[in-house]
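Notes follow once the structure below has been shown.
Here is how names work: the chains are called A, B, and so on, in the same order as the sequence lines, proteins then strands, and each is numbered from 1. This one's a predicted model, so the numbers in the text were calculated from it and none came from an experiment.
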2 protein chains.
Amino acid sequence: MDKVNLAQKFSLFTEAYKPKIVGELNDSYVKLVKFHGDFMWHHHDNEDELFLVLKGRLRIKVREGGRERELVIHPGEFIIIPRGVEHFPTTDEEAHVMLLEPKTTLNTGNLQNDRTVAELERI
Amino acid sequence: MDKVNLAQKFSLFTEAYKPKIVGELNDSYVKLVKFHGDFMWHHHDNEDELFLVLKGRLRIKVREGGRERELVIHPGEFIIIPRGVEHFPTTDEEAHVMLLEPKTTLNTGNLQNDRTVAELERI
């Protein structure tokens, strides 16, 4: 058991959209991700996801009840995307984000493609 | 679904050691707590707890293998206390902490006393 310094962990990697595991509790992982540019529309059938922004600005488009809107998340703010909700993360510049989600969560949700990271690195 | 600004939520209450619910995902709550002074030795039989420090300095004494040590957690750092581990949070000055823990978690863990908060306020 030891503490985790988020800035120190973010200094250990550069690639965008490659989540790293930095902790686990109960059935969930704590992950760090660098977001940069567009990700893709996807959803998670069985998992709610928490996005806590630590640096930069994260924009998440969401579709609810057939309508689309955009949430803009700044450092010191978080959003919880409930299971089933289609979402599209994007950033204009690099953003540092802490994720909290069940261990079963795949980064691309219902999709499997060249951006899927099935085996996550622990740092 | 809306974002949560942590500083804004912390501005809504003053009491120490009265956790407030600010989000829920999967089987867990996101809670905010102001720590000030000593809490107490306790443990949680079935729940791992994450403490992310946002302001101030949190000291957590832990007992592992019959030995006691102290972890000092600064803003931008978190610690996960696994189930079963005896811990004693304390601060010299007020600290702002985000907790993530299963909905079943009682703030005083295995103890029930005048500092137990059975019904948490949502803010």
Side-chain angles (χ1 to χ4, degrees), chain A residues 1-11 21-30 32 44 46-55 57-60 62-65 67 69-87 96 98-105, chain B residues 1-11 21-30 32 44 46-55 57-60 62-65 67 69-87 96 98-105:
Chain A
M1 178 180 19
D2 209 355
K3 69 177 181 178
V4 171
N5 182 294
L6 296 171
Q8 186 269 331
K9 292 293 189 190
F10 274 112
S11 76
I21 295 171
V22 294
E24 61 183 291
L25 71 161
N26 307 301
D27 297 325
S28 295
Y29 283 133
V30 184
L32 301 186
H44 304 275
N46 302 303
E47 297 103 349
D48 310 326
E49 283 186 299
L50 181 147
F51 297 73
L52 172 66
V53 175
L54 299 159
K55 182 177 168 185
R57 193 179 69 145
L58 173 65
R59 294 188 285 128
I60 302 190
V62 295
R63 289 190 186 128
E64 291 176 297
R67 298 184 60 180
R69 66 184 175 115
E70 183 177 281
L71 296 146
V72 183
I73 322 295
H74 299 96
E77 297 179 338
F78 73 79
I79 181 81
I80 293 168
I81 306 289
R83 62 195 69 190
V85 173
E86 288 284 333
H87 56 287
H96 293 186
M98 186 179 107
L99 295 181
L100 194 111
E101 52 194 22
K103 292 178 180 177
T104 51
T105 310
Chain B
M1 178 180 18
D2 209 355
K3 69 177 181 178
V4 170
N5 182 294
L6 296 169
Q8 186 269 330
K9 292 294 189 191
F10 274 112
S11 76
I21 296 171
V22 294
E24 61 183 293
L25 72 162
N26 307 301
D27 297 325
S28 295
Y29 284 133
V30 183
L32 301 185
H44 304 275
N46 301 305
E47 298 103 349
D48 309 326
E49 283 186 298
L50 181 148
F51 297 73
L52 172 66
V53 175
L54 299 158
K55 183 178 167 184
R57 192 178 70 145
L58 174 64
R59 293 189 285 129
I60 302 189
V62 296
R63 289 188 187 132
E64 290 175 296
R67 297 184 59 179
R69 66 184 175 116
E70 183 177 280
L71 296 146
V72 183
I73 323 294
H74 299 96
E77 297 179 339
F78 73 78
I79 181 82
I80 293 169
I81 306 289
R83 61 194 70 189
V85 173
E86 288 284 333
H87 55 286
H96 293 185
M98 187 179 105
L99 295 181
L100 193 111
E101 52 192 22
K103 291 179 181 177
T104 51
T105 310

*side-chain hydrogen bond (donor to acceptor under 3.5 Å, both in side chains) partners for B:Lys103, two or more places apart*: B:Glu24

_Spacing of B:Met98 atom CE and A:Met98 atom CE [to the nearest 0.5 Å]_ = 4.5 Å

*For the residue pair B:Ile73 and A:Lys3, what are the closest heavy atoms and their distance?*
CD1-CB, 3.8 Å

*Let me know if A:Val22 has heavy atoms under 4.5 Å from chain B in its side chain, its backbone, both or neither.*
both

*asked:* Between B:Asn5 and A:Glu77 (side chain of the first, backbone of the second, donor and acceptor by atom type, cut-off under 3.5 Å), is there such a pair?
replied: no

*What distance do A:Leu50 atom CG and B:Leu25 atom CG have between them, rounded to the nearest 0.5 Å?*
5.5 Å

*How would you list, by chain and number, every residue that makes a side-chain hydrogen bond (donor to acceptor under 3.5 Å, both in side chains) with B:Arg69, sequence neighbours excluded?*
B:Glu64

*What part of B:Leu100 gets closer than 4.5 Å to chain A, counting heavy atoms only: side chain, backbone, both or neither?*
both

*asked:* Is A:Leu71 close to chain B through its backbone or its side chain, or both, or neither, when contacts mean heavy atoms under 4.5 Å?
replied: side chain

*Given the options B:Lys9, B:Gln8, B:Arg83, which has more heavy-atom pairs under 4.5 Å with chain A than any of the others?*
B:Arg83

*By a 4.5 Å heavy-atom criterion (distance strictly below it), what part of A:Asp2 contacts chain B: side chain, backbone, both, or neither?*
both

*What are the two closest non-hydrogen atoms of A:Asn46 and B:Asn26, and how far apart are they?*
O-OD1, 4.2 Å

*Check whether A:Ile81 gets within reach of chain B through its side chain, its backbone, both or neither, counting any heavy atom under 4.5 Å.*
both

*Which answer fits B:Leu52, side chain, backbone, both or neither, if we ask what part of it has an atom under 4.5 Å from a heavy atom of chain A?*
side chain

